[in-house]
Amino acid sequence: MGRAAALVQEQKGTRKIRRCFRTAPAPADEEVDELCFEFGLELDEITSEKDIISKEQGDGKAEGASDIILYKIDVPANRYDLLCLEGLVRGLQVFKERIKAPRYKRIMPANGGVQRLIITEETAQVRPHVVAAVLRNITFSKDRYDSFIDLQEKLHQNICRKRALVAIGTHDLDTISGPFTYTARPPSEIRFKPLNQSKEYTASEIMDLYRTDSQLKHYLHIIENKPLYPVIYDSNGVVLSMPPIINGDHTKISLNTRNVFVECTATDITKAKIVLDILVTMFSEYCEKQFTVEAAEVTYHNGKTCIYPELAYRREKVKPDLINKKIGISETPSSLAKLLTRMCLKSHVTGNGNNIEIEIPPTRADIIHACDIIEDAAIAYGYNNIQMTIPKTYTIANQFPLNKLTELLRQDLAAAGFTEALTFALCSQEDIADKLGVDISSTKAVHIANPKTAEFQVARTSLLPGLLKTIAANRKMPLPLKLFEISDIVVKDSTKDVGARNQRNLCAIYYNKNPGFEVIHGLLDRVMQLLAVPPSKESGYLIKAAEDSAFFPGRCAEILAKGQSIGKLGVLHPDVITKFELTMPCSALEINIEPFL
Amino acid sequence: MSPAMATDGPALAELLLQRLERAGGGGLGSLEAAAALGLEHQQLVGAVKSLQALGEVIEAEQRSSKRWELTPEGKEIVQEGSHEARVFDSIPAEGLPQSELMKLPSGKVGFSKAMSSKWVRLDKNADGGPRVFRAVESVQDSVREKLQLVQQGEAESLEEKDRNELKKRKLLMEVIIKTYWIRKGSAFSTTVTRQETDLTPEMLASGSWRDLKFKPYNFEALGIMPESGHLHPLLKVRTQFRQIFLEMGFTEMPTNNFIESSFWNFDALFQPQQHPARDQHDTFFLQDPAEATDFPMDYLKRVKKIHSQGGYGSQGYKYDWKLEEARKNLLRTHTTAVSARMLYRLAQQEKFTPAKYFSIDRVFRNETLDATHLAEFHQIEGVVADYGLTLGDLMGTLREFFTKLGISQLRFKPAYNPYTEPSMEVFSYHRGLQKWVEVGNSGIFRPEMLLPMGLPEGVSVIAWGLSLERPTMIKYGINNIRELVGHKVNLQMVYDGPLCRLDA
């Protein structure tokens, strides 16, 4: 969903799922929708290739296309195990108790012929980690192969942070021979035929080659300015890959590939291990020995050796009482263990029933705390089966004083005949400087580093530009236009921890065939009356002539109250009026209301 | 109405009423009445209308009828006689040369008609050219007589043949006119009282209002809108949400700080530093002031540790947590940054006391803009901190909150948020769309967020959020967010907006 979901940081991978339900006959749409909802997935659309083609290219082109039902499903961003069809089906089957969760096993090859990968010292500067594994005797089909490639792409976009943290390379092991070397070399010294190219290029040429590639151009920056580029060779000097950009053509996998060498190079070793575990657990389903993965050995330059994939099963103990209390249910320990087992978290009651031992499989890297386990118990129990209760928390409400004052003033400004505007807090430098006749350096404006357009260059230091733009967009409305806004501006303030603060301003504007200074002046008098501040030199408010580039000379006054200057009012300068594309005289008032708290 | 008509009106109306009195219960036709009173029909219609305006004095049913009228030439003939009669009259005893006769206004037409009626004769052999002489002593101008009958409203008494003949000569024409059939009304009277437009101070002073009759008002017309200011629709909805939170005992958080450090916006919420939300593409970072300088250092160390090594029963994210990343200033992407500050402050109290907080304020996202998404929008957020809060408590609180918004049918879907676990999206059934739509997001804050702050272990914090814009757009039927928020607002929409009653 969009940003209406305020607590959500949007990060959902969308995946087309085919034949999600393998039992015939095909389930009713409502049933699929219900299951997805219950499990925390979002069923986006039910369609077919035929439907998609006829929608995009017309009915004629769709003839002969597959009419197998496709479910477009949004998957939670932390569930990498649900990103491919294999994992999603497995997860749902276990949830529906049709199958038991498989147990993934790392095995050492017979004859001790473990694949070895040696990391040289040079990689430390550019991409210091690598992990590897072998999928032995795998059988691909077109669908399986497509899914294998697609999962790598999904992982690259998601947890791999567009290959910056981790890059995956998969190779036909039968085309190469170990031990392999992961090193880093100057771009001019690396030379190979990249995947699906017809000739060899140097690394520098490869970068040029992919500068215009719609996909690969996004990854070039990761290594481009490094003196050395990472590269993996086999024992004969064949290039497996130049991570994170491209694999070599020599090792490419096909539908006929039987043995796949998987390497993941990384700047973040934790994520590399997760990515490798996910990829091999998902596709070991198609290995001769189902759900087994052949180990590979990685040796660092300091001699340290690691065996991958880790495929670690972690054990946690959680008290049933805690689970019940956090959710607000009262299930027996064994029932809770059963619920968790349905979430691929194999659990059993231990001791005399006051503990549940949970085994967290290598596919569930998202489980990092007991609260994650509790959530899974709640999902399996069914969120909508939980009894709703009202907390007994007793509190006395308080309004934020500044907002309370704002609410009161808004009502009375509207009662005084002015209409409330709601303008953006972000704007262009021009809006708050050039157009008001001041230099941007003289403002205390906060500057945005990465605006996509000029509309978001700075945070406003005045409400006036927003009101003037509102009038400009409503020039067709009958005159006079009387607008106001009470909202925050932002100014730099070195006394604050972040170096800036908000200030609550009140701005009002009168736009008509005559300047109407007396109208705006009258409004000031009314606002002061509402704030119980009398017109008086000593203890009240007064206005005195002032100069300001935004106002017409001789038609501007400073407003003094509470012993300080709180703002200005006056007839706007003709240049200001013109720059905001207006044609009528105009007077305005802007004050800081915080002194009246 | 012309001034003459206005003065004639009452007298005329009374004449009509008297005639209606005589006509009895059957009523009379406006056309006949006009003829009988010697009026133009239009004048009589004016009288009918003024009587109608008095209320129930008369009943007038509109009808349409055909009527014969004189053409301008026909009218001229009624005045001056037919062309042939005029030719006849213009010929002296000694006759008239044909050439001179032809110069007369009615010459041509009149001569041929007079000839065919044998009223005149032509002597072609007369001295000085052809000459016309009277052929009879006197003539009867039947054309004129017939036309006079028509003018008197008695066209029906003519024979059809004659009417057609006159029509052919373009002296008569048949017109369709709207007429009224007039009957006595329930308040019939033969006199008309002048009606006053409105009360005046003089009438009040003299008491004359007691005897006067007043013109009825037209209640079908719209009144004049009062001159007034207007509150902005989105902020009217904000006021209602504030009210709801206050009714539920929630205290308002100070959210008047758009600029936030990455630390409070992300790190404090256990959102890892590589999280996509912390990407340049999603968040507005600041160039100046680029970095925050002041942090509660003990707390910051605990945050660093929970991210990079774990603790408090958590595995952590196991990555190299960097202070530089936490220092980066940004425009807050959610008000939850303020909730984090408030919860931290709550944790610093000597003894924990339960708290309920809310806020409704602006947040900023550096995202792609479309018809429903802007770079800044308002987030509504509610937070409850107490010992032993459950997921059921969160759902119950949400039910109460949404009931106050007029939303009763709720459903909860498991979801993922980096800083809540469990998390749930809130859906409500939309009758218009006939489907479940997401109305908010919620969850229980992760221990990795709360425990480093120093909150006691048994304390749970439930929270939920939604945007202010979306319910407002649904409420007021607005499709393009730019018509609602920002300077391109449609002021007419602001002027015309109804009250905001969310549960109505």
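- For a residue to count as touching a neighbouring chain, one of its non-hydrogen atoms must lie under 4.5 Å from one of that chain's; by this rule A:S494 does not touch chain B.
- Residue B:N256 holds its CG atom at 5.5 Å from CG of A:N502, rounded to the nearest 0.5 Å.
- Note that CZ of B:R242 is 4.0 Å distant from CD of A:Q399, once rounded to the nearest 0.5 Å.
- In plain terms, the two heavy atoms of A:A425 and B:R362 that are nearest each other are N-NH1, 3.4 Å.
- Most heavy-atom pairs under 4.5 Å with chain B: of the set A:L481, A:T419, A:V490, A:L468, this distinction falls to A:T419.
- Using a 4.5 Å cut-off between heavy atoms, A:F39 touches chain B through its backbone atoms (N, CA, C, O) alone.
- Looking at heavy atoms from C-beta onward, A:K496 lies out of side-chain contact with B:P289 at the 4.5 angstrom threshold.
- Contacts of B:R327 with chain A are absent, with no heavy-atom separation under 4.5 Å from either backbone or side chain.
- Rounded to the nearest 0.5 angstrom, B:F364 CZ and A:F424 CZ are separated by 11.0 Å.
- Heavy-atom pairs under 4.5 Å with chain A peak, among B:M248, B:E227, B:K356, at B:K356.
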Checking B:R341 against A:D497 for the salt bridge (charged side-chain N to carboxylate O under 4.0 Å, His left out) test, could you report, in this order, the C-alpha distance in whole Å, the side-chain angles of both residues, the deciding distance, and whether it holds?
CA-CA 12 Å; B:R341 284 180 183 264; A:D497 60 345; 2.9 Å; yes
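- The backbone N or O of A:L426 sits less than 3.5 Å from a side-chain atom of B:E376, completing a donor-acceptor pair.
- Of the residues considered (B:G388, B:P447, B:A290, B:A385), B:P447 shows the highest number of contacts with chain A, using heavy-atom pairs under 4.5 Å.
- Taking the ring axis of A:F37 as reference, the NZ or CZ atom of B:R411 stays within 45° of it and closer than 6.0 Å to the ring centre.
- Closest of all the heavy-atom pairs between B:L231 and A:A414 is CD2-CB, 3.8 Å.
- Rounding to the nearest 0.5 Å places OG of B:S423 at 6.5 Å from OH of A:Y383.
- For the atom pair CG (B:D386) and NZ (A:K392), the distance works out to 10.5 Å, reported to the nearest 0.5 Å.
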Please evaluate residues A:M477 and B:Q492 with respect to the criterion side chain to side chain contact (heavy atoms under 4.5 Å, CB included), reporting the C-alpha separation (whole Å), side-chain torsions for both, the decisive distance (0.1 Å), and the verdict.
CA-CA 8 Å; A:M477 297 297 292; B:Q492 193 63 50; 3.0 Å; yes
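- Only the side chain of B:E400 comes within contact range of chain A, judged by heavy atoms closer than 4.5 Å.
- Looking at A:I448, both its backbone and its side chain come within 4.5 Å of chain B, counting heavy atoms on both sides.
- Heavy atoms closer than 4.5 Å to chain B are found in the side chain of A:R314, but not in its backbone.
- Two residues are said to be in side-chain contact when any heavy atoms from C-beta on lie closer than 4.5 Å; A:D33 and B:W436 fail this criterion.
- For B:L234, the part sitting under 4.5 Å from any heavy atom of chain A is the side chain, from C-beta outward, and nothing else.
- Checking side-chain atoms of A:T393 against main-chain N and O of B:P354 turns up no donor-acceptor pair under 3.5 Å.
- One finds no salt bridge joining A:D268 and B:K318 here, because no Lys/Arg side-chain nitrogen approaches an Asp/Glu carboxylate oxygen to under 4.0 Å.
- Looking at A:Q387, only its backbone comes within 4.5 Å of chain B, counting heavy atoms on both sides.
- Taking chain B as the reference chain and counting heavy-atom pairs below 4.5 Å, the highest number among A:T470, A:I368, A:N384 is found for A:I368.
- For B:L331, the part lying under 4.5 angstrom from a heavy atom of chain A is the side chain only.
- Contacts between A:L467 and chain B at a heavy-atom distance below 4.5 Å are absent for every atom of the residue.
- Only the side chain of A:K271 comes within contact range of chain B, with heavy atoms under 4.5 Å apart.
- Only the backbone of A:E38 comes within less than 4.5 Å of a heavy atom in chain B; its side chain stays farther off.
- Between the side chain of A:R161 and the main chain of B:Q274, a donor-acceptor pair closer than 3.5 Å is present.
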Does B:E367 form a salt bridge (charged side-chain N to carboxylate O under 4.0 Å, His left out) with A:K452? I'd like the steps, not just the answer.
CA-CA 9 Å; B:E367 287 175 353; A:K452 281 179 186 148; over 6 Å; no
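- Contact count versus chain A (heavy atoms, under 4.5 Å) is highest, among B:T293, B:D288, B:L484, for B:D288.
- When each of A:I374, A:I386, A:L322 is checked for heavy-atom pairs under 4.5 Å with chain B, A:I386 comes out on top.
- Both the backbone and the side chain of B:F412 have a heavy atom closer than 4.5 Å to some heavy atom of chain A.
- Of the N and O atoms on the side chains of B:S460 and A:K326, at least one donor lies less than 3.5 Å from an acceptor on the other residue.
- Side-chain N or O atoms of A:N450 include none that pairs as donor or acceptor with a backbone N or O of B:F284 at under 3.5 Å.
- Ionic pairing of B:E252 and A:K404 is not present here: no N-O contact between side-chain nitrogen and carboxylate oxygen is shorter than 4.0 angstrom.
- Counting heavy atoms from C-beta outward, B:F258 and A:D488 have side chains that approach closer than 4.5 Å.
- More than 12 non-hydrogen atoms from other residues, nucleotides or ligands lie less than 6.0 angstrom from NE2 of A:H218.
- Contact of B:V494 with chain A is made through the side chain alone, with heavy-atom distances under 4.5 Å.
- Highest contact tally toward chain A, considering only B:L491, B:L468, B:V489, B:V363, is held by B:L491 [criterion: heavy-atom pairs under 4.5 Å].
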Would B:L286 and A:V446 count as a side chain to side chain contact (heavy atoms under 4.5 Å, CB included) if you check the C-alpha gap in whole Å, the side-chain angles of each, and the deciding distance to 0.1 Å?
CA-CA 7 Å; B:L286 291 199; A:V446 155; 3.3 Å; yes
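- Between chain A and the options B:D279, B:V485, B:I444, heavy-atom pairs under 4.5 Å are most frequent for B:V485.
- Between chain A and the residues B:E448, B:M253, B:E260, the most heavy-atom pairs under 4.5 angstrom are made by B:E448.
- Ranked by heavy-atom pairs under 4.5 Å with chain B, the list A:L413, A:T270, A:L422 is led by A:L422.
- No part of A:Q503 comes within reach of chain B, as not one of its non-hydrogen atoms sits under 4.5 angstrom from that chain.
- Proximity to chain A is limited to the backbone of B:Y312, based on heavy atoms less than 4.5 angstrom apart.
- Across all non-hydrogen atoms, the minimal contact from B:G249 to A:T395 is O-OG1, 2.8 Å.
- In this structure, chain B has no heavy atom under 4.5 Å from any part of A:R501.
- Contact annotation for A:I269: neither backbone nor side-chain heavy atoms come within less than 4.5 Å of a heavy atom of chain B.
- Taking OH of B:Y416 as the reference point, atom CG of A:D74 lies at 15.5 Å (rounded to 0.5 Å).
- For the options A:A421, A:G328, A:P465, A:G417, heavy-atom pairs under 4.5 Å to chain B are most numerous at A:G417.
- Both the backbone and the side chain of B:T397 come within contact range of chain A, judged by heavy atoms closer than 4.5 Å.
- The candidate with the highest count of non-hydrogen atom pairs below 4.5 Å against chain B, out of A:I367, A:T423, A:I379, A:N474, is A:N474.
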